[in-house]
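One structure is given below, encoded as structure tokens.
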Amino acid sequence: MTIQDSGFMMEDGVSCLPCTPEEQKKIVIDLRNESERNLKEGNLYFVISSRWFRMWERYVGIDADANLIGNQSSDSWHMNVTSSMVAEMPGAIDNSDIVQNGSDCNCKENEIQLRRNLMEGQDYVLVPQRVWVKLHEWYKGGPALPRKMILQGVYHRTFDVEVYPLRLKLIDSRDESQSVIWLSRKASLSELFQRVCALRGIEQNKARIWDYFNKRKHTQLSASNRSLEESNLQMDQDILLEEVDGHHSSRFGMDSTGNELALVSMEPSRSSFTIAGGPTLSNGHSSGYKSNQYPGSSLSSGLKDTDDGFDAYNTVRKGEKRGLAGLQNLGNTCFMNSALQCLVHTPPLVEYFLKDYSDEINTENPLGMHGELALAFGELLRKLWSSGQTAVAPRVFKGKLARFAPQFSGYNQHDSQELLAFLLDGLHEDLNRVKKKPYIELKDADGRPDEEVAAESWKNHKARNDSVIVDVCQGQYKSTLVCPVCNKISITFDPFMYLSLPLPSTITRTMTVTVFYGDGSGLPMPYTVSVLKNGFCKDLLLALRTACCLKTDENLLLAEVYENKIYRYLEMPLEPLASIKDDEHIVAFQIQKKGMEKTKLVIFHRWQEKSTTDYLKSGKELFGTPLITYLGEDQPSGADIETAISKVLSPFKRMHSSAKAHIGKGSDFLSDGLDELCSSSDAQSIENAEFEGALSMDLSLRLLLTDDRVMNFKSFKKDTLFEPGKILSVVMDWTDKEQGLYDASYLKDIPEVHKAGFAAKKTRQEAISLSSCLDAFLVEEPLGPDDMWYCPRCKEHRQAVKKLDLWMLPEIIVFHLKRFTYGRYLKNKIDTFVNFPIHNLDLSKYVKNKDGQSYVYELYAISNHYGGLGGGHYTAYAKLIDENRWYHFDDSHVSPVNESDIKTSAAYLLFYKRVNESKMEIGESSYSHSTS
């Protein structure tokens with residue numbers, strides 16, 4: 001990889017960048033914000049390596065700025081933080097780690113290809129065109145990787161940058177040559193024809209282009225405004241070019257004798273099944289549904305048997321088993337294949353979609369997809385159950401998914417649970433038997449019996465939601481909220497489609513945190529606490545509160561200290577503890593709650609040589625742990641800063657010394673402050689200020705305003721006033737005199753989070769039960785501060801205590817094991833083995849509705865996830881009920897598996913079916929029906 005010279009170093013090695021790091025940061029953020037205000041299709045964005053961009057962020061101070069990070073609206077603008085604090089200026093922009101081998105920055109832009117399976121945020125970031133222009137102006141380098149913004153979705157329109165355009169392999173039948181074409185999936189077929197004809201030197205009226213998926217002719221493409229995505233063209237698939245002037249005779253699509261092979265029919269199948277699974281009329285069209293109900297709909301053209309690469313309704317060969325067809329991976333679609341295999345092996349759904357369901361398709365529901373999703377799913381299910389063991393390419397279904405759920409479009413890996421949630425909800429709305437939903441005013445429980453309130457809630461729910469999904473997959477839970485102030489109790493009964501269960505870890509880790517007192521009431525003290533290994537920052541804070549006997553009016557502010565600076569604040573309660581490494585240094589500042597609304601003061605320490613004659617030349621290095629306190633005044637002044645620092649330092653005074661530190665006493669040298677923080681504005685350079693101070697005053701402690709990276713300095717006066725509510729950072733220059741007055745050892749050498757011993761034992765493999773996950777899900781807990789409940793009695797939002805109970809369970813119950821945790825700095829996967837029963841899962845003890853029913857379930861499908869977050873691989877286990885045997889579905893590959901081998905730590909979604917119950921009549925709407 002050749003990277004162009006950056007060109008920003010002069011002969012003497014001094015940087016000639018026209019902007020300071022702070023100016024660069026401001027310019028880039030302003031341009032980014034302007035770009036977000038003017039989103040439109042066709043806007044250009046540029047892909048930049050996260051490795052280089054992270055170095056630039058640190059150089060300009062973005063990583064250390066907690067407020068800036070918190071205000072970002074795009075995940076691509078706050079990187080995963082590592083344990084290095086690189087403040088040096090980055091070199092030339094270097095994208096060599098994200099482009100394919102052989103791509104060179106001297107290549108044409110359209111010839112440079114990104115490596116596959118890159119993740120935004122982790123591997124690359126996206127910056128608007130004007131940001132790229134500035135960065136390239138400052139740093140040069142490359143190569144440039146421009147990408148266009150596209151508009152996606154039908155009902156929920158979203159803007160996305162198409163990082164990976166569609167790659168098509170063109171086969172020219174005239175000479176059997178092959179070439180590659182890159183086009184946006186939103187490009188039209190007309191654009192494809194123009195590109196192909198220009199590339200291969202053929203007149204457009206003589207060109208015939210075929211959809212040649214899996215090396216087989218499917219559909220003859222015609223130049224039109226129809227997009228490549230709507231035409232179900234997939235990443236890396238083949239297209240075939242033929243010339244139709246009679247001079248070139250293609251052997252593609254012919255057998256060895258030169259006879260033309262029978263191509264798949266372009267008309268809908270005249271099988272005994274229709275598109276909706278029911279019997280056909282004499283003209284081959286199903287009754288009860290028209291394919292042109294919705295403007296822009298492509299039901300009739302999109303849902304063809306040919307799209308999946310085989311005769312979908314060919315008769316299963318004698319002795320061949322049904323339900324064992326794999327799903328072809330269309331490019332990181334294993335998440336979709338895994339969820340689909342679980343759903344298409346759900347017995348009541350198989351029974352439903354193999355029958356005629358056309359009368360239940362709801363084309364008028366504004367919350368649905370005009371029946372298109374249900375039709376696509378039903379068609380796919382029928383193909384999977386009628387194709388023997390031939391793998392199916394779900395191109396039509398993926399096209400519908402991209403259209404109605406653009407979050408699943410493209411070729412990135414996604415979450416099978418998120419897809420399942422969308423599918424169940426989408427299928428319900430497309431098959432909702434309620435054509436016009438009535439308005440229903442909800443009533444409070446008001447002390448009525450639970451049975452009465454629950455029945456009323458379910459009746460109201462069924463009046464608006466009545467589908468096979470409700471019949472089969474929806475249960476009901478009881479939610480109890482208690483106001484901590486007035487003890488108001490609110491009880492509601494809500495439907496659920498699946499249960500997301502936390503994984504309650506039993507393995508702990510010890511963590512040492514040094515607690516500093518923000519009011520100067522004591523010396524810092526390290527506390528070692530035991531917390532759950534897979535816990536969160538809220539668990540660490542709770543353990544620390546207990547350990548240091550925190551009062552109710554006090555809070556702890558967690559932070560990581562690196563290179564004598566505050567590297568990050570751990571302010572998110574649900575930040576995973578996995579983001580804190582054992583070799584890091586974590587501190588907590590004990591602060592009065594009422595003071596935390598005031599101005600925060602961060603105090604850095606810097607060693608100053610004692611010789612004033614060499615003051616300007618002497619080296620000054622940061623040392624120790626920064627201190628944090630809050631200024632209580634509404635409009636703090638320089639004098640208030642001095643007082644606060646004196647108070648915070650008071651515990652550090654050496655016992656043998658009676659001397660007192662006079663911080664800034666009579667400090668005429670202290671001139672104006674930082675422009676953006678101080679109300680005065682006549683600041684002079686730090687060199688002059690320090691020099692004048694050194695000559696005119698015998699100060700015991702020197703104070704200067706600085707930034708959070710301690711890179712820029714300004715002086716201030718005792719009477720300088722500061723804007724309230726801002727974060728003020730001050731650096732203190734220490735000399736031998738201060739070292740004699742204060743014991744700075746308490747600021748130095750704070751312990752690591754965990755010091756591993758030489759004889760450290762290997763952590764045992766943890767195993768938990770499904771019942772313990774259910775217990776954790778149903779435990780009583782207070783709502784989070786971001787999820788407050790409005791108490792109708794107090795007329796205020798309260799942090800209520802919430803308790804969930806299961807009231808009614810459906811025929812099919814899905815357990816989602818919450819293996820993925822998300823924090824600001826880390827995304828983590830929990831690989832804990834969950835021991836779940838395959839047979840006789842008895843949930844009766846969890847059901848509060850004591851109606852005498854038996855709630856015993858049997859496992860029939862599992863969605864597995866292997867590997868790390870954002871990547872890895874999904875597979876599925878599914879049981880063929882009729883033959884009582886398990887199979888492993890790994891994309892196209894299907895193989896039998898022993899029942900004893902299906903319980904692994906990769907289990908992510910568990911599908912259970914109720915046993916020993918009479919079959920439900922689909923469509924029954926009574927309350928008692930769904931509890932049977």
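Remember, predicted model here, so these are calculated numbers, not experimental data.
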Would you say [X]'s side chain and [Y]'s backbone share a donor-acceptor pair under 3.5 angstrom?
X: His136; Y: Gly141; result: yes
X: Ser227; Y: Ser188; result: no
X: Arg226; Y: Leu189; result: no
X: Ser579; Y: Pro576; result: yes
X: Tyr164; Y: Leu118; result: yes
X: Asn95; Y: Ile48; result: no

Which distance, rounded to the nearest 0.5 Å, do you find between the [atom1] of [X] and the [atom2] of [Y]?
X: Ile29; Y: Gln24; atom1: CD1; atom2: CD; answer: 11.5 Å
X: Ile27; Y: Arg32; atom1: CD1; atom2: CZ; answer: 15.0 Å
X: Phe713; Y: Asp707; atom1: CZ; atom2: CG; answer: 7.5 Å
X: Leu114; Y: Ile98; atom1: CG; atom2: CD1; answer: 5.5 Å
X: His370; Y: Phe404; atom1: NE2; atom2: CZ; answer: 7.5 Å
X: Lys829; Y: Phe820; atom1: NZ; atom2: CZ; answer: 5.5 Å

Quick one about [Y] and [X] (side-chain donor to acceptor, distance below 3.5 Å, no hydrogens or angles considered), yes or no?
X: Gln417; Y: Arg819; result: no
X: Ser177; Y: Arg200; result: yes
X: Ser416; Y: Ser863; result: yes
X: Arg395; Y: Gln237; result: yes
X: Asp415; Y: Tyr908; result: yes

Minimum heavy-atom distance between [X] and [Y], given as atom pair plus value:
X: Glu41; Y: Phe159; result: N-CE2, 3.5 Å
X: Arg54; Y: Gly121; result: NH2-O, 4.0 Å
X: Ile580; Y: Cys537; result: CD1-SG, 4.5 Å
X: Glu229; Y: Ala402; result: OE2-CB, 3.6 Å
X: Lys40; Y: Met149; result: O-SD, 3.7 Å
X: Phe397; Y: Leu373; result: CE1-CD1, 4.2 Å

(request) List the steps, then state whether side-chain contact (heavy atoms from CB on, under 4.5 Å) holds for Val561 with Ile566. (result) CA-CA 5 Å; Val561 174; Ile566 300 294; 4.2 Å; yes
Side-chain contact, heavy-atom cut-off 4.5 Å: [X] with [Y]?
X: Val131; Y: Ser35; result: no
X: Ile181; Y: Val196; result: yes
X: Ser729; Y: Val710; result: no
X: Trp56; Y: Val28; result: yes
X: Arg58; Y: Pro90; result: no
X: Thr706; Y: Asn712; result: no
X: Ser173; Y: Leu240; result: yes
X: Leu327; Y: Leu380; result: yes

(request) Check step by step if side-chain contact (heavy atoms from CB on, under 4.5 Å) holds for Thr20 and Met711. (result) CA-CA 11 Å; Thr20 65; Met711 295 291 289; over 6 Å; no
Counting only heavy atoms not in [X], do more than 12 fall under 6.0 Å of its [atom1]?
X: Lys26; atom1: NZ; answer: no
X: Arg167; atom1: CZ; answer: yes
X: Asn225; atom1: CG; answer: no

Do the side chains of [X] and [Y] get close enough for a salt bridge, i.e. N-O under 4.0 angstrom?
X: Glu162; Y: Lys186; result: no
X: Arg195; Y: Glu191; result: no
X: Lys134; Y: Asp30; result: no

(message) Looking only at the aromatic ring of each residue, does the gap between the centers of Tyr212 and His218 stay below 6.0 angstrom?
(response) no
(request) Show your working on side-chain contact (heavy atoms from CB on, under 4.5 Å) between Arg51 and Ser96 and close with a plain yes or no. (result) CA-CA 10 Å; Arg51 184 179 63 180; Ser96 60; 3.7 Å; yes
(message) Students often mix this up, so state it plainly: with edges at 30° and 60°, are the rings of Tyr567 and Tyr562 parallel, tilted or perpendicular?
(response) tilted
(request) Using the six-membered ring of Tyr569, assess whether NZ or CZ of Lys600 lies under 6.0 Å from its centre and within 45 degrees of the ring axis. (result) yes
(message) Name the residue from Phe53, Tyr59, Trp52 that meets the ring pair (Phe, Tyr, Trp, His ring centres under 6.0 Å) definition with Tyr139.
(response) Trp52
(request) Please lay out, stage by stage, how Val127 and Leu31 fare under the test side-chain contact (heavy atoms from CB on, under 4.5 Å). (result) CA-CA 10 Å; Val127 300; Leu31 290 175; over 6 Å; no
